[in-house]
S.K.: 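There's a structure below that I have some questions on.
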Amino acid sequence: MDSKLAELVAARRVKLDELRAQGIDPYPVRFAPSASLAEVRAAHAELAPGTETGVEVTVAGRLVARREHGKLTFLVLREDGVDLQLFCPRGALDQPSRALIGHLDVGDWVGARGEVLATRKGELSVRPAELTLLGKGLRPLPDKWHGLTDTEARFRQRELDLVVNPDARRVFALRARVLKALRAELDERGFTEVETPMLHPIPGGAAARPFVTHHNTLDTDLYLRIAPELYLKRLIAGGMPRVYEINRSFRNEGMSTRHNPEFTMLESYQAYADYHDVMDLTEALLQRAAREALGSLQLSYQGREVSLQGPWRRATLLELVREATGLADLDYDVEVDRVRALCEAHGVRTEPSWGVGKLVLELYEALVESTLWEPTFVIDYPVEVSPLARRHRSAPHVTERFELIVTGRELANAFSELTDPDDQRARFEAQVAARAAGDAEAMHLDESYLAAMELGMPPIGGLGVGVDRLVMLLADVASIREVVLFPTLRPERT
RNA sequence: GCGCCGCUAGCUCAAUUGGCAGAGCAUCCGGCUCUUAACCGGCAGGUUCGGGGUUCGAGUCCCUGGCGGCGCACCA
């Protein structure tokens with residue numbers, strides 16, 4: 001261990017030993033506060049300086065500051081992001097507490113029983129008659145003023161980040177409100193929350209590379225799921241009319257400010273609905289999340305305003321690409337070489353196997369997606385890049401699929417689900433062919449899923465929302481690691 | 001995977017052209033009964049991310065490895 005850190009720990013261990021020698025348990029089993037620090041603050045707001053309330057409370061928290069003033073000591077407790085001062089004139093303390101107070105360090109968990117008052121300077125405080133050590137800390141806390149700014153340390157030791165950086169608390173409290181709002185909206189609409197497997201024999205429901213693991217007793221490889229989609233639609237086939245799942249999926253791909261290898265998706269499926277219904281649902285879900293997490297539909301993201309006020313723009317992928325390229329006659333039935341040349345003219349990398357649909361999608365991603373700042377439903381994606389989506393009811397080359405783009409980023413992906421088992425089998429076979437041709441992200445053929453489809457499915461509107469990205473938007477943070485408590489990092493090597 | 005940037009005391013940061021590795025906070029010792037980044041006095045604390053090289057001399061320059069950030073690539 002580093003010498004100075006060892007010295008700091010050693011100094012605390014000395015106190016630990018001395019406390020034990022005095023018969024004080026530094027790690028007691030239980031404590032019963034009468035109120036949280038927040039409750040004490042709320043119950044005694046605006047006390048005039050010098051007021052003694054006569055109200056006794058028992059509170060607890062982590063000691064985050066200590067100011068000694070001779071026979072008077074000021075301690076500051078922090079609990080769930082709320083601070084409260086302990087005003088500790090030596091004479092007010094009982095004998096054991098007088099012995100204890102000199103052995104307290106910043107970072108310790110401390111309980112206090114005493115009267116609520118406001119000091120002569122007006123600071124709301126508890127004047128303890130009794131102090132209780134609730135948990136001795138052996139390691140120092142980061143700088144009380146500058147906090148912890150080292151990004152790596154903040155992610156590897158998130159507990160420190162949470163102790164000293166109020167913004168970390170803000171983000172994760174907001175995340176919790178977002179999840180609660182999403183569930184509330186879906187529950188009110190009659191959706192049932194379900195949990196489907198994370199260990200999949202065949203990775204399905206998305207085009208992505210999976211993590212592989214192994215089950216010893218079965219002696220078989222399993223995959224961490226890349227999406228819950230196929231299982232959820234099997235539930236619709238089973239007669240559950242509206243289901244949703246909010247949980248982790250895993251993709252063994254590159255990491256970035258928008259990609260963590262494990263991430264949280266909301267997926268919902270409802271019988272009888274099409275993608276127009278799902279757009280309405282999506283708008284309602286995100287607006288509710290914003291209202292309940294922020295209290296407003298007017299956001300600021302990275303210094304730029306965004307309004308979630310509806311209705312949101314709906315534009316086809318083709319018309320967006322036409323706008324961006326200035327080619328009003330571009331369509332899915334033109335010569336593939338012409339579109340390939342267009343890609344090259346715009347610096348978009350292509351592969352010989354790609355058809356017009358894939359090339360148009362590439363143009364969209366290169367030229368359009370990042371420019372869509374206000375919420376926009378981009379609709380009608382090419383069939384060849386949408387193997388699980390229903391063919392459009394009136395346009396031959398596209399599916400009834402949309403992605404929701406906000407601040408240039410994909411937040412949701414949804415479609416009128418493909419429910420025709422024969423079409424699905426043909427789409428899977430095209431994917432299998434693509435895989436054989438070297439596309440590692442192409443889907444596998446899933447007979448269990450086809451069997452469920454052959455049982456008969458009603459019309460289904462399906463939705464997937466990237467919850468981490470939604471939280472990023474609402475919390476106004478630039479990296480997905482800021483909204484995941486313990487983001488994936490390379491293990492430290494020594 | 002590629003490119004750029006970063007890594008100095010527990011934390012936050014300095015260190016001129018390559019010339020004695022420093023400060024604030026925290027710790028430790030002493031003082032102080034209304035502080036709140038408390039204050040005053042004093043002591044101590046370093047593998048400058050690891051390894052190698054150039055040089056009389058390396059935190060600084062070169063090579064190499066590690067970890068992180070950002071961008072790109074990959075990617076529903």
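Residue numbering restarts at 1 for every chain, and letters A, B, ... go by the order of the sequence lines.
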S.K.: If you restrict it to nitrogen or oxygen atoms, what contacts under 3.5 Å exist between nucleotides 3-5 of chain B and the protein, and what is each distance?
M.R.:
none

S.K.: In sequence, state the C-alpha distance, the side-chain angles, and the governing distance for A:R98 and A:D94, and then conclude on salt bridge (Lys or Arg N to Asp or Glu O under 4.0 Å).
M.R.: CA-CA 6 Å; A:R98 289 182 200 184; A:D94 64 18; over 6 Å; no
S.K.: Run through A:L418, A:T399, A:L230 and flag the one making a side chain to side chain contact (heavy atoms under 4.5 Å, CB included) with A:L388.
M.R.: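 Of the listed options, the one satisfying the test is A:L230.
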S.K.: Report the base-pairing partner of B:A21 (Watson-Crick or G-U wobble, both distances below 3.5 angstrom), or none.
M.R.: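 Matched B:A21 with nothing under the 3.5 Å cut-off.
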S.K.: Send over the distance from A:H103 NE2 to B:U27 C1', rounded to a whole Å.
M.R.: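 Nearest whole value for this atom pair: 15 Å.
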S.K.: Counting side-chain heavy atoms from C-beta on, which of B:G68, B:C11, B:C34 comes nearest to A:E152?
M.R.: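 Closest nucleotide to the A:E152 side chain: B:G68.
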S.K.: Taking only the P atom of each, what is the distance from B:A9 to B:A14 in whole angstrom?
M.R.: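 To the nearest whole Å, 12 Å.
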S.K.: Closer than 4.0 angstrom, basic N to acidic O: yes or no for A:R314 and A:D280?
M.R.: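 Yes, charged N to carboxylate O under 4.0 Å.
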S.K.: Using a heavy-atom cut-off of 4.0 Å across all strands, would you classify A:T151 as base, sugar-phosphate, or nothing?
M.R.: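 Here A:T151 touches the backbone only, sparing every base.
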S.K.: Between P on B:C72 and CD on A:E253, what's the gap in Å once rounded to a whole number?
M.R.: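 Going from CD in A:E253 over to P in B:C72 covers 17 Å.
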S.K.: Whole-Å distance between B:C13 C1' and A:W145 CH2?
M.R.: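 Whole-Å distance recorded here is 16 Å.
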S.K.: Base, sugar-phosphate, or nothing for A:T73, non-hydrogen atoms under 4.0 angstrom?
M.R.: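 Counting heavy atoms under 4.0 Å across all strands, no contact is made by A:T73.
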S.K.: With a non-hydrogen cut-off below 4.0 angstrom, is A:R154 in contact with a base, only sugar-phosphate, or nothing?
M.R.: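 It contacts nothing in the nucleic acid.
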S.K.: At 4.0 Å (heavy atoms only), tell me whether A:F87 reaches a base, stays on the sugar-phosphate, or touches nothing.
M.R.: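 Base, at least one base heavy atom under 4.0 Å.
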S.K.: Report which part of the nucleic acid A:G91 touches: base, sugar-phosphate, or nothing (heavy-atom distance under 4.0 Å, all strands).
M.R.: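 No contact.
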S.K.: B:G71, OP1 or OP2 - any side-chain N/O from A:T257 closer than 4.0 Å?
M.R.: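 A:T257 to B:G71 OP1/OP2: side-chain N or O found under 4.0 Å.
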S.K.: Between B:G69, B:C34, B:G24, spot the one nearest the side chain of A:R481, thanks.
M.R.: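 Minimum distance to the A:R481 side chain belongs to B:G69.
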S.K.: Indicate whether any N or O donor in one side chain lies under 3.5 Å from an N or O acceptor in the other, for A:E245 and A:T196.
M.R.: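 There is such a pair (donor and acceptor under 3.5 Å, judged by atom type) between the side chains of A:E245 and A:T196.
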S.K.: Heavy atoms under 4.0 Å, any strand shown: does A:R349 hit a base, just sugar-phosphate, or nothing?
M.R.: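 Counting heavy atoms under 4.0 Å across all strands, the contact made by A:R349 is with sugar-phosphate only.
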S.K.: Contact class for A:R67 vs. all strands (heavy atom < 4.0 Å): base, sugar-phosphate, or nothing?
M.R.: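 Here A:R67 touches the bases of the nucleic acid.
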S.K.: Answer with yes or no whether the side chains of A:R209 and A:Y223 bring together a donor and an acceptor at under 3.5 Å.
M.R.: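 Note: A:Y223 and A:R209 side chains miss the donor-acceptor criterion.
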S.K.: Quick one: do A:E369 and A:R409 make a salt bridge, cutoff under 4.0 Å?
M.R.: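 Answer for the salt bridge query: no.
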S.K.: Does A:E267 come within less than 4.0 Å of A:R225, counting only side-chain N to carboxylate O?
M.R.: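 Result for this pair is no, no salt bridge flagged.
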S.K.: With a non-hydrogen cut-off below 4.0 angstrom, is A:F263 in contact with a base, only sugar-phosphate, or nothing?
M.R.: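 No contact at all - A:F263 keeps every heavy atom at 4.0 Å or more from the nucleic acid.
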S.K.: What is the distance from CG of A:N252 to C1' of B:G1, rounded to the nearest Å?
M.R.: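 Those two atoms, CG and C1', are 14 Å apart.
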S.K.: Is the shortest side-chain N/O distance from A:K71 to OP1 or OP2 of B:C34 below 4.0 Å?
M.R.: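 So the side-chain polar atoms of A:K71 never come under 4.0 Å of the phosphate oxygens OP1 or OP2 of B:C34.
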S.K.: With respect to the side chain of A:E7, which nucleotide from B:U27, B:A37, B:G10 is positioned closest?
M.R.: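 Of the options given, the side chain of A:E7 lies nearest B:U27.
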S.K.: Need one value for A:S125: base, sugar-phosphate or nothing, where a base atom within 4.0 Å counts as base even if backbone is also close, heavy atoms only.
M.R.: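 No contact.
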S.K.: B:C74, B:U12, B:G69: which one has an atom nearest the side-chain heavy atoms of A:D150?
M.R.: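 The nucleotide sitting nearest to the side chain is B:U12.
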S.K.: Ignoring hydrogens and angles, are the base of B:G24 and the side chain of A:D143 linked by a donor-acceptor pair under 3.5 Å?
M.R.: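 Looking at the base of B:G24, it does pair with a donor or acceptor on the side chain of A:D143 (distance under 3.5 Å).
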S.K.: For the pair A:R66 and A:E68, find out whether any cationic side-chain nitrogen is under 4.0 Å from an anionic carboxylate oxygen.
M.R.: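 Result for this pair is yes, salt bridge flagged.
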S.K.: Using a 4.0 Å heavy-atom cut-off across all strands, classify A:E68 as base, sugar-phosphate, or nothing.
M.R.: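 Result for A:E68 = base.
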S.K.: Using the side-chain heavy atoms of A:S256, tell me which of these nucleotides is nearest: B:C34, B:A73, B:U12.
M.R.: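 Shortest atom-to-atom distance from the side chain points to B:A73.
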S.K.: Using purine N1 to pyrimidine N3 plus N6-O4 or O6-N4 for Watson-Crick, or N1-O2 and O6-N3 for G-U wobble, each under 3.5 Å, what pairs with B:G65?
M.R.: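 Because both required distances fall under 3.5 Å, B:G65 counts as paired with B:C49.
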S.K.: Tell me whether the rings of A:F377 and A:F402 are parallel (<30°), tilted (30 to 60°) or perpendicular (>60°).
M.R.: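 The arrangement is perpendicular - the two ring planes meet at more than 60°.
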S.K.: Nearest to the side chain of A:R490, heavy atoms from C-beta on, is which of B:C67, B:U33, B:C75?
M.R.: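 Looking only at side-chain atoms, A:R490 lies closest to B:C67.
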S.K.: Quick one: A:K136 NZ to B:U27 C1', roughly how many Å, whole number?
M.R.: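 In whole Å, B:U27 C1' lies 12 Å from A:K136 NZ.
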S.K.: Using 4.0 Å as the upper bound for N to carboxylate O, is an ion pair formed by A:E384 and A:K358?
M.R.: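 Looking at A:E384 together with A:K358, the answer is no, because their closest N to O distance does not fall below 4.0 Å.
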S.K.: Judged by each residue's nearest nucleotide on RNA chain B, which is more toward the 5′ side, A:E123 or A:A153?
M.R.: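 Result: A:A153.
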S.K.: For B:C34 and B:C39, measure between their C1' atoms and round to the nearest Å.
M.R.: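 Going atom to atom, C1' in each nucleotide, I get 13 Å.
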S.K.: In whole Å, what separates the P atom of B:U17 from that of B:U12?
M.R.: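 One P to the other, the span is 27 Å.
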S.K.: OP1 or OP2 of B:G10 sitting under 4.0 Å from any side-chain N/O of A:R139?
M.R.: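 Answer no for this pair, as no side-chain N or O of A:R139 is under 4.0 Å from OP1 or OP2.
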S.K.: Give none if B:C2 has no partner; otherwise give the nucleotide forming a Watson-Crick or G-U wobble pair with it, both distances under 3.5 Å.
M.R.: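 Partner of B:C2: B:G71.
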S.K.: Classify the nucleic acid contact of A:R156 as base, sugar-phosphate or nothing, counting any heavy atom under 4.0 Å across all strands shown.
M.R.: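 A:R156: backbone/sugar contact only, no base atoms under 4.0 Å.
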S.K.: Which part of the nucleic acid, if any, lies within reach of A:L489 when heavy atoms closer than 4.0 Å are counted: base, sugar-phosphate only, or nothing?
M.R.: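 Touches sugar-phosphate only.
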S.K.: Base, sugar-phosphate, or nothing: which does A:L148 touch, judged by heavy atoms less than 4.0 Å apart?
M.R.: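 Sugar-phosphate, backbone atoms only, no base.
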S.K.: Does A:R304 make a cation-pi contact with A:W373 (under 6.0 Å, within 45 degrees of the axis)?
M.R.: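 Here A:R304 passes the 6.0 Å and 45° test against A:W373.
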S.K.: Without decimals, in angstroms, what is the distance between A:R258 CZ and B:C70 C1'?
M.R.: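 Roughly 11 Å, once rounded to whole Å.
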S.K.: If I take atom CG in residue A:L5 and atom P in nucleotide B:C11, what distance separates them, rounded to the nearest angstrom?
M.R.: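 To the nearest whole Å, that distance equals 8 Å.
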S.K.: Look through every strand shown and name the nucleotide pairing with B:U8 as Watson-Crick or G-U wobble, where both distances are under 3.5 Å.
M.R.: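 Checking every strand shown, B:U8 finds no partner, since no pair has both distances under 3.5 Å.
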S.K.: Examine the base of B:C75 for any acceptor or donor lying under 3.5 Å from a partner atom in the side chain of A:H259, and report the outcome as yes or no.
M.R.: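 Result: at least one qualifying N/O pair found.
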